[in-house]
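Notes to accompany the following structure.
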Amino acid sequence: MDLRLAVYQLASANALDAQQTRQLQEVAGFQREPARLAYWLPRGVAVLGAALLGMGLICWVAANWEDLGRMGRFALLQGVFAATCVGAFAVPKARVPLLLLALLAIGGLFAYFGQTYQTGADPWQLFALWAALALPLCLVARSDVLWTPWMLIFSTAAALWVQAHAHHSWRIDSADLSIFVSGWLAVLLACAFVSPLLARWTGAGSWALRLGLVLATILITGTAVSALFGSNIESPYWAGLGLLAIAGVLLATRKLFDVFGLSAVALGLNILLVGGLARVLLNGGNGDGVGRLAMLGLLAAVLLALTVQGILWRTRQEAA
């Protein structure tokens, strides 16, 4: 229950007057500064400032495209990257926000390079190089402030790689199964890289892992569900269902347990299972369509209830 709501209910139940209510609020700590505010506020402002400065740099170069020469744009972007890296080593307290700015500067530099020279490279290659060059910055920073955007960049590279190499970009074909599975495994391996198993060396927290699991679930679920629209239940559906099931089992273990990630993967599993049931029940059959829809809704509700109960049971077990 919310503490403030509990205080108000307690004051109402005991018919406290205004002065007694204020005293109760003081005991509850409403008038005190939030815990660790002095620690987190300057760090949060510094990170937000670095993110805004990095995006503002990219927009400023775009807005002054005609005024700055080619060498001037390159010099500005490379100069910002070099200055932030030097500053990160010179001022350890500002290392994380400065390295975040350096990570964004790398992205701006690659975007400008691709726009200027038209190398013909696929977009996934630029994102892959961005992720590779940003990896040392993340290892130095040892913070989710960098690992979280790195995970977004890496997952984008994997998704674009799958799109570029699939033979049919407009539909899911079982002939492209190896391509889909390779892209899925790449994102899942990145999740394993930022998981608690390697946190001793990477310094990654929970947010990078959670973002990676959400993105992996979206990628796998979207592809697997799309496979159901084919003439048969294609193998990408079964591969996606199996990978999510394995990920769910691993996330339920003691070492890797994370209720947020487990819930995301469980939601993906529910979507795939309900999609498969819909494919079986509604595909070209004769008879009572309303009855089949009712059965599908009932099965989906039962499956969701069992999933929620399982996650709650595992959470209580972990808390105990």
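If you read the sequence from its start, that first residue is 1, and numbering goes on from there. FYI, side chains are in, hydrogens and waters are out, and symmetry mates aren't considered; it's all heavy atoms of this structure.
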- Between Asp144 (side chain) and Ala204 (backbone), is there a donor-acceptor pair under 3.5 Å? no
- Message: Show the nearest heavy-atom pair for residues Ala88 and Leu98, with the distance to one decimal.
- Response: N-CD1, 3.6 Å
- Note on the structure: Closest non-hydrogen contact found for Leu99 with Ala141 is CD1-CB, 3.7 Å
- Note on the structure: Taken to the nearest 0.5 Å, the spacing of Leu103 CG from Leu135 CG works out to 10.5 Å
- Do the ring centers of Trp147 and Phe154 come within less than 6.0 Å of each other? no
- Rounded to the nearest 0.5 angstrom, the OG1-CG distance for Thr307 and Leu262 is 9.5 Å
- Checking Leu298, Leu277, Val274 against Leu303 for side chain to side chain contact (heavy atoms under 4.5 Å, CB included), the one that qualifies is Val274
- OG (Ser226) and OH (Tyr237) are apart, to the nearest 0.5 Å, by 12.5 Å
- ILVMFWY network linking Trp184 to Leu160, side-chain heavy atoms under 4.5 angstrom: yes
- Item | For the student: nearest non-hydrogen atoms of Thr221 and Gly268, plus distance | OG1-CA, 3.6 Å
- Between CD1 of Ile220 and CG of Leu213, what distance do you get to the nearest 0.5 Å? 9.5 Å
- Query: Are Leu256 and Leu189 in one and the same hydrophobic cluster, where Ile, Leu, Val, Met, Phe, Trp and Tyr link if side-chain heavy atoms are under 4.5 Å apart?
  - Reply: no
- Message: Between Arg210 and Val214, is the side-chain contact (heavy atoms from CB on, under 4.5 Å) condition met? List the steps.
- Response: CA-CA 6 Å; Arg210 291 172 177 178; Val214 169; 5.6 Å; no
- Message: Measuring from atom CE of Met151 to atom CG of Leu209, what distance do you get when rounded to the nearest 0.5 angstrom?
- Response: 7.0 Å
- Message: Within the structure provided, determine whether Trp124 and His165 are in side-chain contact (heavy-atom separation under 4.5 Å).
- Response: yes
- Which is it for Trp161 and Ser182 under the side-chain contact (heavy atoms from CB on, under 4.5 Å) test, yes or no, and what are the steps along the way? CA-CA 10 Å; Trp161 180 86; Ser182 297; 3.9 Å; yes
- Query: Tell me, do Leu211 and Leu152 make a side-chain contact under 4.5 Å, heavy atoms counted?
  - Reply: yes
- Is there a path from Phe193 to Val140 through hydrophobic residues (I, L, V, M, F, W, Y) whose side chains come within less than 4.5 Å of each other? yes
- Check Leu188 against Ala216 and note the closest heavy-atom contact, atom names and distance. CD2-CB, 3.9 Å
- Query: Hey, mind stepping through Cys85 and Leu137 against side-chain contact (heavy atoms from CB on, under 4.5 Å) and telling me if it holds?
  - Reply: CA-CA 9 Å; Cys85 289; Leu137 303 181; 4.3 Å; yes
- Return yes if some donor-acceptor pair links the side-chain N/O of Thr148 with the main-chain N/O of Val145 below 3.5 Å, else return no. no
- Query: Where do Glu318 and Phe257 come nearest, in terms of heavy atoms and distance?
  - Reply: CG-CD2, 3.6 Å
- Item | Euclidean distance, Thr315 OG1 relative to Ile311 CD1, rounded to 0.5 Å | 7.0 Å
- Closest non-hydrogen contact found for Ser263 with Val259 is OG-O, 2.6 Å
- Query: With side chains defined as the heavy atoms from C-beta onward, is the minimum distance between Leu139 and Trp201 less than 4.5 Å?
  - Reply: no
- Would you check if Leu219 and Val187 make a side-chain contact, meaning some heavy-atom pair closer than 4.5 Å? yes
- Message: I'd like to check Phe81 versus Leu109 (side-chain heavy atoms, cut-off strictly below 4.5 Å). Are they in contact?
- Response: no
- Message: For the residue pair Arg316 and Trp313, would you count it as a cation-pi contact if the rule is NZ or CZ under 6.0 angstrom from the ring centre and within 45 degrees of the ring axis?
- Response: no
- In the single-linkage hydrophobic clustering (I, L, V, M, F, W, Y; side-chain heavy atoms under 4.5 Å), do Val86 and Val96 co-cluster? no
- Item | Side-chain touch Leu228/Leu272, heavy atoms, less than 4.5 angstrom | no
- Message: One pair to check against side-chain contact (heavy atoms from CB on, under 4.5 Å): Leu215 and Thr156. What are the steps and the verdict?
- Response: CA-CA 9 Å; Leu215 294 175; Thr156 303; over 6 Å; no
- Task: Could you tell me whether the side chain of Pro236 reaches within less than 4.5 Å of the side chain of Val181, counting heavy atoms only?
- Result: no
- Query: Applying the side chain to side chain contact (heavy atoms under 4.5 Å, CB included) test to Thr217, which of Leu267, Leu269, Leu244 qualifies?
  - Reply: Leu244
- Mind checking whether Leu273 and Met295 sit in one hydrophobic cluster, side chains of I, L, V, M, F, W, Y counted as touching below 4.5 Å? yes
- Message: I'd like to check Arg142 versus Thr202 (side-chain heavy atoms, cut-off strictly below 4.5 Å). Are they in contact?
- Response: no
